[in-house]
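Working notes, beginning with the structure itself.
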Protein chains: 2
Amino acid sequence: MAKKATRDFIVDAADQLFYQQGFEHTSLSYIADEVKISKGNFYHHFKSKDKILDAVIHRRLINTQAMLDKWQNEGKKPDERIKSFINILLINQNKIKKFGCPVGTLTSELAKLNHSAQKEANEIFSLFKNWLSEQFKQLGHTEQADALAMHILGRSQGVATLANAFQDQEFISNEVEKIHEWLMQYS
Amino acid sequence: MAKKATRDFIVDAADQLFYQQGFEHTSLSYIADEVKISKGNFYHHFKSKDKILDAVIHRRLINTQAMLDKWQNEGKKPDERIKSFINILLINQNKIKKFGCPVGTLTSELAKLNHSAQKEANEIFSLFKNWLSEQFKQLGHTEQADALAMHILGRSQGVATLANAFQDQEFISNEVEKIHEWLMQYS
DNA sequence: GTCTATATAATGATAGAC
DNA sequence: GTCTATCATTATATAGAC
């Protein structure tokens, strides 16, 4: 396995900082400090701030697909796989309370900035949507599959947004349970 | 009725721009240009950028309360009032597709900035939550009222976030209908 | 209340030595 | 690949004339 290059450390740091502080609010100086390199060195690896954003989104796409693939192999039944998706809300609840959903908050920010990377960022959502849709198809709900996928994706986004605003742990548990109950009628 | 003062025009512009472009991304110069005043004049009315944010949040609190009061007087039954809330998703669908929910996107941004106005901004959410909770109480669901209020608030947030990312009009209609159906069991 | 001019700090980005 | 030094631009904010 190859040694981790400086470039990877930059993407590591940017990925986290963009999530915790937002894309625009995170300056290159701050990233460089975090990685303990100079700004000049930073520009050797990425020729603009938008280029790291591209790299971060690309990494998130890879990681998301890897997670979906893992769920695909782990859970035996489609409805159990969907539960894996819902349960991220519980697993990541501390981060979500602090920073919201990494996908939803990024797409919202880029929409306001009218940023050219909007489309790529939205692709992360599409990965989830298409994967969820596929599960519903396998459950026999071919016609409604896309709408059901969007529904569950929306529910999880709402939970993340309010958990972030209200810092409410019980709300997350309640909602996750409600989504599980909702899911039963399609299992 | 008093003449509209420059101060009001500044808050008008800031309110819209913070919604459309985000708080941090909206510079004072841009606001000043929009209102057609100088930056110096701007600082005569607001001594810092955070002070306009305060004013904008305050105005949104006032406007939100006024809207809730209006619904309280218009709709005869509590479940019809709740429907008024849900229907904002349809009424404002064009803006929501472009910029998301003004409340959710602001609280998310301020959370990432760790901004001191977070608490005040979240109060807008609380107005909705408490109002919705009151409606469910009047429908006889005293015990669950808060949880039901948070549920419906979360659903609407999820719809706004995904409508913004996917630019999907049909999704909004579908989800609004689903929320109406869900509401029936509590009516 | 409104303006012009300016101060100050930070940002994204580049040049060039090592 | 990494650094220091620097640039141009923009941001928030202030001073002071009218």
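Just so it is clear, the model here is predicted, and its values are computed rather than measured. Order of the sequence lines fixes the chain letters, A, B, ..., with proteins taken first and strands second; residue numbering starts at 1 for each chain. The basis for the numbers below is simple: all heavy atoms, side chains too, and nothing from hydrogens, waters or symmetry mates.
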Report the distance from atom CD1 of I10(A) to atom C1' of dA13(C), rounded to the nearest whole Å. 15 Å

Any salt bridge between E74(B) and K70(B), counting N to O under 4.0 Å? yes

Just grab all the side chain to side chain donor-acceptor pair (under 3.5 Å) pairs involving residues 83-93 of chain B, residues at least two apart or on different chains. Q93(B)-Q169(B)

Given the side-chain rings of F166(A) and F171(A), with only the six-membered ring counted for Trp, is the space between their centroids under 6.0 Å? no

Looking at D168(A) and K97(A), is there a salt bridge between them, counting it only when a charged N and a carboxylate O are closer than 4.0 Å? no

Rounded to whole Å, how long is the line connecting atom CD1 of I31(A) with atom P of dT11(C)? 11 Å

For I37(A) and dA13(C), give me the distance from atom CD1 to atom P, rounded to whole Å. 15 Å

Atom-pair distance (CZ on F42(B); P on dT2(C)), nearest Å: 13 Å

Output the rounded distance in Å from CZ (R7(A)) to C1' (dT2(D)). 17 Å

If only side-chain N and O atoms of N41(A) are considered, is one of them under 4.0 Å from the OP1 or OP2 phosphate oxygen of dG1(D)? no

Report the distance from atom NE2 of H45(A) to atom P of dT14(C), rounded to the nearest whole Å. 16 Å

H44(A) vs dG1(D): side-chain N/O to OP1/OP2 distance below 4.0 Å: yes

K36(B) NZ to dC3(C) P: how many Å, rounded? 12 Å

Per-nucleotide protein contact string for nucleotides 11-18 of chain D, where B marks a base within reach and S marks sugar-phosphate only (heavy atoms under 4.0 Å, - for neither): SBBB----

Could you work out, with ring-ring contact (aromatic ring centres under 6.0 Å, His included) as the rule, every residue matching H115(B), not counting sequence neighbours? F23(B)

When every non-hydrogen atom of S133(B) is compared with those of A149(B), the smallest separation belongs to N-CB, 3.5 Å

Please report the distance, rounded to the nearest Å, between CG in L53(A) and C1' in dT11(C). 17 Å

